[in-house]
Trainee: 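Got a structure for you, questions after.
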Amino acid sequence: MRKCLVLVFLLFLGKASLCQFNNAALENRIRPDSSLTGELHFDFYNLNFVRNYEYTNNFHDGYTIYGAQFQPQLVYYAHPNLALTGGVFYRKDFGNGGVSLVKPLFSIKYQKNDLSLIFGSLEGGIQHHYVEPIYDFERQLTNPLEYGTQLLLEKKAIKLDAWIAWQNMIYKGSDYKEEIIGGLSMEATVAENNGWRLSLPGQFLAQHRGGQIDELKQIPVQTLFNGATGIKLHKKIQGRVKEVYTDNYIVGYKDFSKQRDQNYMGGFGLWLTAGMDTKYGSLLATYWGGNNFITIKGMPLYESVSENLYDQGFTQNHRNVLSVRYAYQEELLPNFYLDVRFEPHFDLDHADHQLQFNHSFFLTYKKSFKLLKIK
């Protein structure tokens, strides 16, 4: 059975999409627009989600999240290069009384040519385009908000996202540590011809916990790092198969703390993906081979140290996980999107190779309405 699964994966790799599914319909980007200068708009974003994990393993708990997000915002296009936004983020978990999470949304966005500067609520979460071992897709459903500063460069040959966000602010005498997170995600196209595109991606995410004015001097400063680099090859095709591709990364972990309290000081993994986008949906094969790997914000399934409720602290130095995934994504109506995903995986380190899976269902609506023009 194991040989058959590996063979299926290699066949996908030989044919050569994104290292994860296309998440564009779930993104919500607001930018300055010279054609809207002086206008006040109401921007509405609604994400409805069901994500169920049928897992019984030592590294990722089995559970279901079921609910909706709402992000109503006012957007004032103050200048051809400047937009101001303000609104509220709501998350409602079904089966839980009341609203599960309420947070403010505010930002100032400056854009000139291919460069954007954002201060306040960032274009964060899955919009950073990290690989899953570095950033867990589920965070987009539970709490995708980041507050800080972001610099975006969006050219044809290179795309770059550099950002820093405050997770926990401390004050004099606080009984908790300051926490800062930030990183960079970039991709450079090195060759493009006749439907082929070869690009080199690079990513890192760093988290720092410290501070000098809190009351927890006995807790040491902590600095953790995740990074990834690799190569991507895509080929656009005419017909029922629209594109085939392979995206392959080496992913790293390092503990830079002076006093280390993690199970591993460093580790790495291989994240190998291949798939195709077709008229009938997207099919994607993924292999993860991890060694002493710890993630900061990534999917727990790929770690070597368990965060499970009943297995917390359990370690397995080497992890080998093979996934074969399918997604059907469609714009049902203008601004209204359907996304259905089925994602089984096999843990190749267990003799029974038990099939486990998660499946998801998303409905997204996003629309901007003009309210008035301010002279």
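Treat the numbers as computed from the prediction; the structure is a model and nothing was measured.
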Trainee: Check Tyr326, Phe357, Phe361 against Phe342 for a ring pair (Phe, Tyr, Trp, His ring centres under 6.0 Å) and give me the one that passes.
Mentor: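 Output: one option passes, namely Phe357.
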Trainee: If you count heavy atoms of other groups shown closer than 6.0 angstrom to NZ of Lys258, is the number above 12?
Mentor: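 Incorrect, the count does not exceed 12.
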Trainee: So, do Asp347 and Leu301 sit near enough that their side-chain heavy atoms are less than 4.5 Å apart?
Mentor: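 When only atoms from C-beta onward are counted, Leu301 and Asp347 do not touch, as no gap falls below 4.5 Å.
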Trainee: Do Leu332 and Phe44 belong to the same hydrophobic cluster, where Ile, Leu, Val, Met, Phe, Trp and Tyr are linked whenever their side-chain heavy atoms lie under 4.5 Å apart, directly or via other members?
Mentor: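 In one cluster with Leu332: Phe44, yes.
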Trainee: Provide the closest heavy-atom pair for Asp61 versus Leu309 in the form atom of the first, atom of the second, distance.
Mentor: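 Scanning both residues completely, I find the closest heavy atoms to be OD2-N, 3.2 Å.
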Trainee: Under the criterion side chain to side chain donor-acceptor pair (under 3.5 Å), I'd like the reasoning laid out for Asn358 against Tyr55: C-alpha separation, chi angles, the key distance, then a yes or no.
Mentor: CA-CA 8 Å; Asn358 72 70; Tyr55 287 174; 2.9 Å; yes
Trainee: Step by step, work out the side chain to side chain donor-acceptor pair (under 3.5 Å) result for Gln356 and Asn57.
Mentor: CA-CA 9 Å; Gln356 300 188 27; Asn57 61 64; 3.1 Å; yes
Trainee: With heavy-atom distances below 4.5 Å as the criterion, would you say the side chains of His129 and Lys159 are in contact?
Mentor: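 Of all side-chain heavy-atom pairs linking Lys159 with His129, none is under 4.5 Å.
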Trainee: Could you check whether any side-chain N or O of Asn48 sits under 3.5 Å from a backbone N or O of Leu363, counting only pairs where one atom can act as donor and the other as acceptor?
Mentor: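 The answer is yes, because a donor-acceptor pair under 3.5 Å joins these two groups.
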Trainee: Any side-chain heavy atom of Ile158 sitting closer than 4.5 Å to one from Leu153?
Mentor: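 Result yes, sub-4.5 Å side-chain heavy-atom pair found.
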Trainee: Can you get from Tyr53 to Ile126 by hopping between Ile, Leu, Val, Met, Phe, Trp and Tyr side chains that sit under 4.5 Å apart?
Mentor: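 Cluster IDs for Tyr53 and Ile126 match.
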Trainee: With a 4.5 Å limit on heavy-atom distance, are the side chains of Ile134 and Ile296 in contact?
Mentor: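 Ile134 does not reach Ile296 side chain to side chain.
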Trainee: Hey, could you give me the CG/CG distance between Leu40 and Leu371, rounded to the nearest 0.5 Å?
Mentor: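 It is 5.0 Å, given to the nearest 0.5 Å.
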Trainee: Working to the nearest 0.5 Å, report the span between CG of Leu233 and CG of Leu198.
Mentor: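 The distance works out to 6.0 Å.
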Trainee: A quick test of your reading: do over 12 heavy atoms of other residues, nucleotides or ligands sit less than 6.0 Å from CZ of Phe314?
Mentor: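 Correct, the count exceeds 12.
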Trainee: Transitively linked via ILVMFWY side-chain contacts under 4.5 Å: Val131 with Val321?
Mentor: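 Yes; tracing contacts between hydrophobic side chains, which count when under 4.5 Å, links both residues.
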Trainee: Look at the rings of Trp288 and Phe293 and say which category their plane angle falls in: under 30° parallel, 30 to 60° tilted, over 60° perpendicular.
Mentor: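 Perpendicular.
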Trainee: Kindly state each residue pair satisfying salt bridge (charged side-chain N to carboxylate O under 4.0 Å, His left out) with at least one member in residues 26-40, sequence neighbours excluded.
Mentor: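 Of all non-adjacent pairs touching residues 26-40, those that pass salt bridge (charged side-chain N to carboxylate O under 4.0 Å, His left out) are Glu27-Arg29, Arg29-Glu123, Arg31-Glu123, Arg31-Glu154, Glu39-Lys370.
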Trainee: Calculate, to the nearest 0.5 Å, the distance between atoms OG1 and OH belonging to Thr364 and Tyr45 respectively.
Mentor: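 Taking OG1 in Thr364 and OH in Tyr45, the distance rounds to 5.0 Å.
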Trainee: Kindly say whether Val190 contributes a backbone atom to a donor-acceptor pair with the side chain of Ser199 at under 3.5 angstrom?
Mentor: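 A pair under 3.5 Å: no.
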Trainee: Under a 3.5 Å threshold, yes or no: a donor from one side chain and an acceptor from the other, between Gln262 and Tyr253?
Mentor: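 Judged by distance alone, the side chains do not pair up.
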Trainee: With distance as the sole test, does Asn81 use its side chain to make a donor-acceptor pair with the main-chain N or O of Gln111 at under 3.5 Å?
Mentor: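 Answer holds: yes.
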Trainee: Group every Ile, Leu, Val, Met, Phe, Trp and Tyr by side-chain heavy-atom contacts under 4.5 Å, then state whether Ile180 and Ile213 land in the same group.
Mentor: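 In one cluster: yes.
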Trainee: Between the side chain of Glu179 and the main-chain N/O of Gln207, is any donor-acceptor distance below 3.5 Å?
Mentor: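 Not at all, since once roles are kept as given, no pair shorter than 3.5 Å links the two residues.
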Trainee: Quick one, Asn168 and Lys177 - any side-chain contact, counting heavy atoms below 4.5 Å?
Mentor: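 No; the side chains remain at least 4.5 Å from each other.
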Trainee: Does Glu138 pair with Arg51 as a salt bridge, N-O distance under 4.0 Å?
Mentor: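 Arg51 and Glu138: not salt-bridged.
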Trainee: Taking atom CG of Asp261 as the centre, does the number of heavy atoms from other residues, nucleotides or ligands within less than 6.0 Å exceed 12?
Mentor: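 Yes - once you tally the heavy atoms of other residues, nucleotides and ligands closer than 6.0 Å, there are more than 12.
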Trainee: Does Tyr147 form a ring pair (Phe, Tyr, Trp, His ring centres under 6.0 Å) with Phe106? I'd like the steps, not just the answer.
Mentor: CA-CA 9 Å; Tyr147 301 99; Phe106 54 88; 5.6 Å; yes
Trainee: Is there a side-chain contact between Asn317 and Ser304 (heavy atoms, below 4.5 Å)?
Mentor: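 Counting from C-beta outward, Asn317 and Ser304 never come under 4.5 Å.
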Trainee: Considering non-hydrogen atoms only, spot the tightest contact between Tyr130 and Ser185 and give its length.
Mentor: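 Reported closest heavy-atom pair: CE2-CB, 4.3 Å.
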Trainee: Are Gln140 and Phe49 side-chain neighbours, meaning at least one heavy-atom pair lies under 4.5 Å?
Mentor: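 No, their side chains stay 4.5 Å or more apart.
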Trainee: In sequence, state the C-alpha distance, the side-chain angles, and the governing distance for Thr223 and Phe225, and then conclude on side-chain contact (heavy atoms from CB on, under 4.5 Å).
Mentor: CA-CA 7 Å; Thr223 303; Phe225 172 90; over 6 Å; no
Trainee: Under a 3.5 Å cutoff, is there a donor and acceptor pairing between the side chains of Asn52 and Glu54?
Mentor: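 Present: a donor and an acceptor within the cut-off.
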Trainee: Using modelled atom types only, decide if a donor and an acceptor are shared between the side chain of Glu343 and the backbone of Ser360 within a distance under 3.5 Å.
Mentor: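 Side chain of Glu343 to backbone of Ser360: no pair is present.
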Trainee: Validate the cation-pi geometry between Arg319 and Phe59: distance from NZ or CZ to the six-membered ring centre under 6.0 Å, angle to the ring axis within 45°.
Mentor: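 Ring-cation test returns yes.
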Trainee: Enter the distance from Leu117:CG to Gln150:CD here, rounded to the nearest 0.5 Å.
Mentor: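 Taking CG in Leu117 and CD in Gln150, the distance rounds to 9.5 Å.
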Trainee: Any chance the side chains of Ser107 and Ser121 put a donor and an acceptor closer than 3.5 Å?
Mentor: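 No, no side-chain donor-acceptor contact under 3.5 Å.
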Trainee: Tell me whether the count of non-hydrogen atoms from other residues, nucleotides or ligands lying under 6.0 Å of OH in Tyr66 goes above 12.
Mentor: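 Counting other residues, nucleotides and ligands, OH of Tyr66 stays at 12 neighbours or fewer.
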Trainee: Can you give me the closest heavy-atom contact between Asp175 and Leu216, atom names plus distance?
Mentor: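 Minimum heavy-atom separation between Asp175 and Leu216: O-CD1, 3.4 Å.
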Trainee: Not counting sequence neighbours, list each pair that qualifies as a ring-ring contact (aromatic ring centres under 6.0 Å, His included) and has a residue in residues 160-194.
Mentor: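 Qualifying pairs, neighbours excluded: His128-Trp163.
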Trainee: Does the side chain of Phe42 reach to within under 4.5 Å of the side chain of Leu74, using non-hydrogen atoms?
Mentor: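 When only atoms from C-beta onward are counted, Leu74 and Phe42 do touch, with a gap below 4.5 Å.
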Trainee: Between Ser174 and Asp214, is there a donor-acceptor pair closer than 3.5 Å when you use the side chain of the first and the backbone of the second?
Mentor: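 Such a contact is absent between Ser174 side chain and Asp214 backbone.
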Trainee: For the atom pair CG (Asp255) and CD (Gln222), what is the distance rounded to the nearest 0.5 Å?
Mentor: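 Spacing of CG (Asp255) from CD (Gln222) equals 6.5 Å.
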Trainee: For Gln238 and Lys242, indicate whether the former's side chain and the latter's backbone hold a donor-acceptor pair under 3.5 Å.
Mentor: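 Side chain of Gln238 to backbone of Lys242, a donor-acceptor pair under 3.5 Å: no, none is there.
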Trainee: Under 6.0 Å from the NZ atom of Lys373, do we count more than 12 heavy atoms belonging to anything else shown?
Mentor: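 Enclosed: over 12 neighbouring heavy atoms sit under 6.0 Å from NZ of Lys373.
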Trainee: Shortest non-hydrogen contact from Asn143 to Arg91?
Mentor: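 Looking at all heavy atoms of both residues, the closest pair is N-NH1, 4.4 Å.
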Trainee: Considering non-hydrogen atoms only, spot the tightest contact between Arg325 and Pro344 and give its length.
Mentor: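 Result for this residue pair: CA-CD, 4.5 Å.
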Trainee: Under 3.5 Å, is there a donor on one side chain and an acceptor on the other for Gln316 and Asn58?
Mentor: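 Gln316 vs Asn58: no donor-acceptor pair found between side chains.
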Trainee: Could you please spell out the steps behind the salt bridge (Lys or Arg N to Asp or Glu O under 4.0 Å) verdict for Lys155 and Asp114?
Mentor: CA-CA 6 Å; Lys155 291 181 175 291; Asp114 303 312; 3.1 Å; yes
Trainee: Tell me whether Phe369 is reachable from Phe70 by hopping between hydrophobic residues (I, L, V, M, F, W, Y) whose side-chain heavy atoms are closer than 4.5 Å.
Mentor: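 Looking at the clustering, Phe369 is in the same group as Phe70.
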Trainee: Is there a donor-acceptor pair closer than 3.5 Å between any side-chain N or O of Gln329 and the backbone N or O of Asn22?
Mentor: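 Flag set: sc Gln329 to bb Asn22 pair under 3.5 Å.
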Trainee: A quick test of your reading: do over 12 heavy atoms of other residues, nucleotides or ligands sit less than 6.0 Å from OH of Tyr90?
Mentor: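 No, not enclosed.
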Trainee: Could Arg341 and Phe137 be counted as a cation-pi pair, given that NZ or CZ must be under 6.0 Å from the ring centre and within 45° of the axis?
Mentor: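 Yes, cation above the ring, under 6.0 Å and within 45°.
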Trainee: Work out which heavy atom in Ala228 is nearest to a heavy atom in Val251; give both atom names and the distance.
Mentor: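 Distance-wise, the nearest heavy atoms are CB-CG2, 4.0 Å.
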Trainee: Short question: side chain of Lys217, backbone of Gln212 - any donor-acceptor pair under 3.5 Å?
Mentor: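 Side chain of Lys217 to backbone of Gln212, a donor-acceptor pair under 3.5 Å: yes, one is there.
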Trainee: Indicate the ring-plane relationship of Tyr77 and His41, choosing parallel, tilted or perpendicular according to the 30° and 60° boundaries.
Mentor: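 Judged by the thresholds at 30° and 60°, the geometry between Tyr77 and His41 is perpendicular.
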Trainee: Sub-3.5 Å donor-acceptor pair from the side chain of Asn46 to the main-chain atoms of Gln69, do we have one?
Mentor: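 A pair under 3.5 Å: yes.
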